[in-house]
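All values below come from the heavy atoms of this structure, side chains included, with hydrogens, waters and symmetry mates left out.
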Amino acid sequence: MSIANVSQHLQTLLEARMVRFHKKGTYAIYELSNPKVSKLLLLFQDMSEDLLAEVKQIRDEFLANQDEMEPLTIHELHSRLQADDIVLIDVRPREEYEYEHIPGAISVPISEIENTCLHFHTIVKLFLIVVENIVYAKQAVELLRSHGFKAVRLNDGVREWKEFQDKF
């Protein structure tokens with residue numbers, strides 16, 4: 001998207017009071033105005049997959065032949081974190097990680113994962129990739145596996161984790 005297009009979308013969301021912003025130097029930092037907005041986004045995502053078969057089809061086609069990536073569910077993540085047998089990596093841009101992440105996750109942006117792999121060889125645990133963006137997850141899993149690590153992606157993201165935690 002162009003900057004003008006993104007700006008227009010943000011203005012619409014601001015008018016709808018779904019986001020708020022503050023200035024940081026010359027930057028305008030936008031964030032969700034209320035935690036319920038995140039829940040609404042998840043409902044829209046679920047609804048779009050239910051009502052528009054092509055949304056689910058596009059996602060499934062992208063992930064086709066990726067079964068070997070062994071995606072984990074939020075419930076499985078919770079169990080693995082309790083057992084302390086994984087290293088949780090968040091490969092989203094650092095700003096997204098700093099804004100919100102799953103507790104215990106280590107920030108290793110996708111742009112840094114190749115160099116970071118060299119330092120991970122002392123860790124024997126399974127790597128779990130957590131991202132909202134399935135393209136990043138696929139790329140990160142492939143990179144880690146090419147360096148001999150066992151890596152899997154999480155089926156869901158930070159929003160789904162928060163939803164899961166809210167139920168407990």
Side-chain angles (χ1 to χ4, degrees), residues 18-20 24 29-50 55-168:
M18 294 183 78
V19 297
R20 61 179 174 235
K24 188 174 184 180
I29 310 297
Y30 286 83
E31 60 188 5
L32 299 179
S33 60
N34 184 308
K36 291 181 180 177
V37 174
S38 182
K39 291 180 182 181
L40 179 64
L41 291 172
L42 287 173
L43 286 172
F44 272 125
Q45 182 179 338
D46 288 346
M47 186 177 70
S48 69
E49 287 188 7
D50 287 346
V55 172
K56 186 170 182 355
Q57 181 181 352
I58 290 168
R59 182 180 179 160
D60 291 347
E61 284 174 9
F62 178 80
L63 293 173
N65 302 321
Q66 302 302 319
D67 292 337
E68 70 277 1
M69 286 193 172
E70 308 168 33
L72 293 181
T73 65
I74 291 293
H75 296 284
E76 292 167 327
L77 170 63
H78 183 262
S79 296
R80 300 298 295 264
L81 287 172
Q82 296 288 330
D84 193 33
D85 66 347
I86 61 170
V87 175
L88 189 61
I89 300 175
D90 189 324
V91 296
R92 296 172 301 149
R94 200 166 310 281
E95 296 81 16
E96 290 181 38
Y97 169 86
E98 288 172 359
Y99 177 73
E100 185 173 55
H101 60 274
I102 295 174
I106 300 168
S107 177
V108 183
I110 194 72
S111 60
E112 299 173 18
I113 203 158
E114 187 82 39
N115 292 333
T116 307
C117 281
L118 303 172
H119 303 291
F120 282 150
H121 279 288
T122 57
I123 300 173
V124 192
K125 295 178 181 179
L126 167 74
F127 285 101
L128 177 65
I129 310 306
V130 179
V131 288
E132 298 288 332
N133 184 319
I134 58 175
V135 175
Y136 283 163
K138 180 179 181 288
Q139 184 180 359
V141 167
E142 287 172 351
L143 276 167
L144 285 168
R145 286 185 173 185
S146 73
H147 286 278
F149 295 105
K150 179 167 174 58
V152 297
R153 66 178 174 82
L154 182 62
N155 224 12
D156 299 303
V158 177
R159 291 188 312 241
E160 291 87 356
W161 174 260
K162 287 183 76 170
E163 279 288 308
F164 174 78
Q165 292 295 57
D166 288 347
K167 293 177 183 175
F168 286 97

Do [X] and [Y] have side chains that get closer than 4.5 Å, going by heavy atoms?
X	Y	result
Trp161	His101	no
Val19	Ser33	no
Lys162	Lys39	no
Val152	Arg80	no

Do you know the tightest heavy-atom contact between [X] and [Y]?
X	Y	answer
Val141	Ala151	CG1-O, 3.7 Å
Val37	Met18	CG2-O, 3.7 Å
Pro103	Leu88	O-CD2, 4.1 Å
Asp90	Ala105	CB-CB, 4.3 Å
Tyr97	Ile106	CE1-C, 4.2 Å
Ser146	Leu143	OG-O, 2.6 Å

Can you list everything that forms a side chain to side chain donor-acceptor pair (under 3.5 Å) with Ser107? Sequence neighbours excluded, please. Arg94
For Glu98, the side chain to side chain donor-acceptor pair (under 3.5 Å) test, sequence neighbours excluded, returns none
Quick check for you: to the nearest 0.5 Å, what is the distance between [X] atom [atom1] and [Y] atom [atom2]?
X	Y	atom1	atom2	answer
Gln139	Ser111	CD	OG	9.5 Å
Ile113	Glu142	CD1	CD	11.5 Å
His78	Ile102	NE2	CD1	11.5 Å
Leu43	Ser48	CG	OG	11.0 Å

Check the orientation of Phe164 and His75. Use parallel for under 30°, tilted for 30 to 60°, and perpendicular for over 60°. perpendicular
Pro109 backbone acceptor or donor facing Arg92 side chain under 3.5 Å: no
Applying ring-ring contact (aromatic ring centres under 6.0 Å, His included) to Tyr99 and not counting sequence neighbours gives none
